[in-house]
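One structure below.
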Amino acid sequence: MALLFISEQNRVDSWRDYLEKEIPDLDLRTLPDYGNKEDIDYALVWQPPSGLLKSLPNLKVIFSLGAGIDHLASDPELPDNIPVVRMVDPSLTSGMTEYVVMNVLNHHKGMRLYRDQQTRKEWSPHIPPVTWDRRVGIMGMGVLGSDVAGKLSYLGFDVAGWSRTHRERPGIKTFAGADQLDDFLRETEILVCLLPLTDETFDILNKDLFAKLPKGASVINAARGGHLVEEDLIAGLDNGHLSEATLDVFKSEPLDNDHPFWSHPKVTITPHAASFTHPSSSVRLIAEGIRRSESGEELLNVVDMKRGY
Ligand code: NDP
Ligand code: OXD
C-alpha cells in the first residue's frame, strides 16, 4: 500500500523509519518522483501543492501532518470526496501546553520587563497578583485549549474558555458563541488564541476585540497568523492598552525581514514552533487510521470541511 508523504524535505528523513516500522507493508513515496498516480492510497501532508491531491484517482484518506487543516482548506482544488483526518496527537498537545504555560507564566511574572531592565542594569521588582486573581482567557477549547486550560487551572490561575458551542469543564469558566464573547473578554488579562482558522475566525484578533479587554492585557497567539490583524495589535501595544504579545504564527511565514514585529519592544516572536508533530508517537495514529480505512471501520478525527475544523 502506497503512502505519499509531503512536507519539508528534511522531515521525511525523521519520519521514514518510524513509518516503515509501524506499517511494515508500507510503500513510502515522496515528491518529486512519486511514481504512478494510480498507486497512491494514502497521503500524509503539510501544505501539498495545489491540485496534486485531486489528481490521485485512488486516494482513500488525506492525513494532515498538523492539527490545523487550513493548509488544505485553502486549496480550491482539494477533492471534496476524500476524508481529511487531522492530527490529534499527545506529543503535539503536550508541546502546545508547554509553550502556552511557559508564556502565560512569562506574562504573569513580567519577564519582558526584567529583560528590558537588565539591559539598563535596573533593579526594580514588580509584584504580580496571585495566580487566582489572574484571569487567563483561552479562545478555542478543543483538544489543545482544554489541555492548556486544565494545566493553567492546576497552577491556580483563574481560567476562562471560549468556544463555538457550550462546553462544561470542571474548574473553568466557560463561554460560548458571539453572544458571550464580550463577557469572556471583559476580565481576560492574558488572552490565548488556540482557535482553528476558519471564515468565522479570520482576523478575529482585531482592534474591536482588543478594546474589550481590560487595560494592560496581553496576547498570546499560538494558533494561526490569519487570526490576527497585525496593525491593530501594534496600535494596541503602542497606545498602551495592551502590555505585550507573544506570537508564534504570522499572516506570512517566514516573517519578512523588515516586519515591524521583529524590533517591537513589546513583541516576542517564535518561528511557528509552539509545538510539533513528533513521528515517534503520531505514526501510531496514522497506522490506526490506515487499519480502520482498510477494514471499513469509522475513521477518527475526521474534519468537518464545511465547518472548517
Ligand atoms: P480543535 O478542533 O480540537 O478545537 C477548536 C476549538 O475552537 C473548539 O473548542 C471550537 O469550538 C473552537 N472554535 C472553532 N470555531 C470557533 C468559533 N467560530 N467561535 C468560537 N470558538 C470556535 O482544535 P485543536 O485544539 O486541536 O487546534 C487548534 C488550532 O491550533 C489548530 O487549528 C491549529 O491552527 C493550531 N495549532 C498551532 C500549532 C503551532 O505550532 N502554532 C500546533 C498545533 C495546532 P467547539 O468546541 O464548540 O467545537
Ligand atoms: C499544526 C501546526 O497545525 O503545527 O499542527 O501548526
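This one's a predicted model, so the numbers in the text were calculated from it and none came from an experiment. For ligands, and for the atoms within them, numbers begin at 1 and follow the listed sequence.
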Evaluate His166 against Phe175 for ring-ring contact (aromatic ring centres under 6.0 Å, His included), listing each step before the verdict. CA-CA 7 Å; His166 193 73; Phe175 300 82; 8.6 Å; no
The protein residues that pass the under-4.0 Å heavy-atom test against ligand 1 are Ala67, Gly68, Arg86, Met96, Gly140, Met141, Gly142, Val143, Leu144, Trp162, Ser163, Arg164, Thr165, Arg167, Leu194, Leu195, Pro196, Glu200, Thr201, Ala222, Ala223, Arg224, Asp248, Val249, His272, Ala274, Ser275, Tyr309
Rounded to the nearest 0.5 Å, how far apart are CH2 of Trp46 and NE2 of His71? 5.0 Å
Separation between CE of Met141 and CG of Leu144, rounded to the nearest 0.5 Å: 11.5 Å
Other than Tyr34, which residues form its hydrophobic cluster under the rule that side-chain heavy atoms must be closer than 4.5 Å? Leu4, Ile6, Leu31, Ile40, Val45, Leu52, Leu53, Leu56, Leu59, Ile62, Ile69, Leu72, Leu78, Ile82, Val84, Val303, Met305
Could you check Glu189 against Arg135 for salt bridge (charged side-chain N to carboxylate O under 4.0 Å, His left out), going step by step and ending with a plain yes or no? CA-CA 5 Å; Glu189 298 173 83; Arg135 169 66 65 85; over 6 Å; no
Please state whether the rings of Phe261 and Phe250 are parallel, tilted or perpendicular, taking 30° and 60° as the class boundaries. tilted
Whether Arg307 engages the ring of Tyr309 as a cation-pi pair (distance to the six-membered ring centre under 6.0 angstrom, angle to the ring normal within 45°) should be assessed. yes
Please list, one pair per line, the donor and acceptor atoms closer than 3.5 Å that link side chains of residues 212-219 to other protein atoms, with sequence neighbours excluded.
{"unit_1": "Lys212", "atom_1": "NZ", "unit_2": "Asp182", "atom_2": "OD1", "d": "3.4"}
{"unit_1": "Lys215", "atom_1": "NZ", "unit_2": "Gly240", "atom_2": "O", "d": "3.1"}
{"unit_1": "Ser218", "atom_1": "OG", "unit_2": "His107", "atom_2": "ND1", "d": "2.7"}

Evaluate ring-ring contact (aromatic ring centres under 6.0 Å, His included) for Trp15 paired with Phe5, printing each intermediate quantity in order. CA-CA 9 Å; Trp15 277 78; Phe5 183 96; 5.7 Å; yes
Can you produce the list of protein nitrogen or oxygen atoms under 3.5 Å from a nitrogen or oxygen of ligand 2, alongside each distance?
{"unit_1": "ligand 2", "atom_1": "3 (O)", "unit_2": "Ala67", "atom_2": "N", "d": "3.2"}
{"unit_1": "ligand 2", "atom_1": "3 (O)", "unit_2": "Gly68", "atom_2": "N", "d": "2.8"}
{"unit_1": "ligand 2", "atom_1": "3 (O)", "unit_2": "Arg224", "atom_2": "NH2", "d": "2.7"}
{"unit_1": "ligand 2", "atom_1": "5 (O)", "unit_2": "Ala67", "atom_2": "N", "d": "2.7"}
{"unit_1": "ligand 2", "atom_1": "6 (O)", "unit_2": "Arg224", "atom_2": "NH1", "d": "2.9"}
{"unit_1": "ligand 2", "atom_1": "6 (O)", "unit_2": "Arg224", "atom_2": "NH2", "d": "3.3"}
{"unit_1": "ligand 2", "atom_1": "6 (O)", "unit_2": "His272", "atom_2": "NE2", "d": "2.7"}

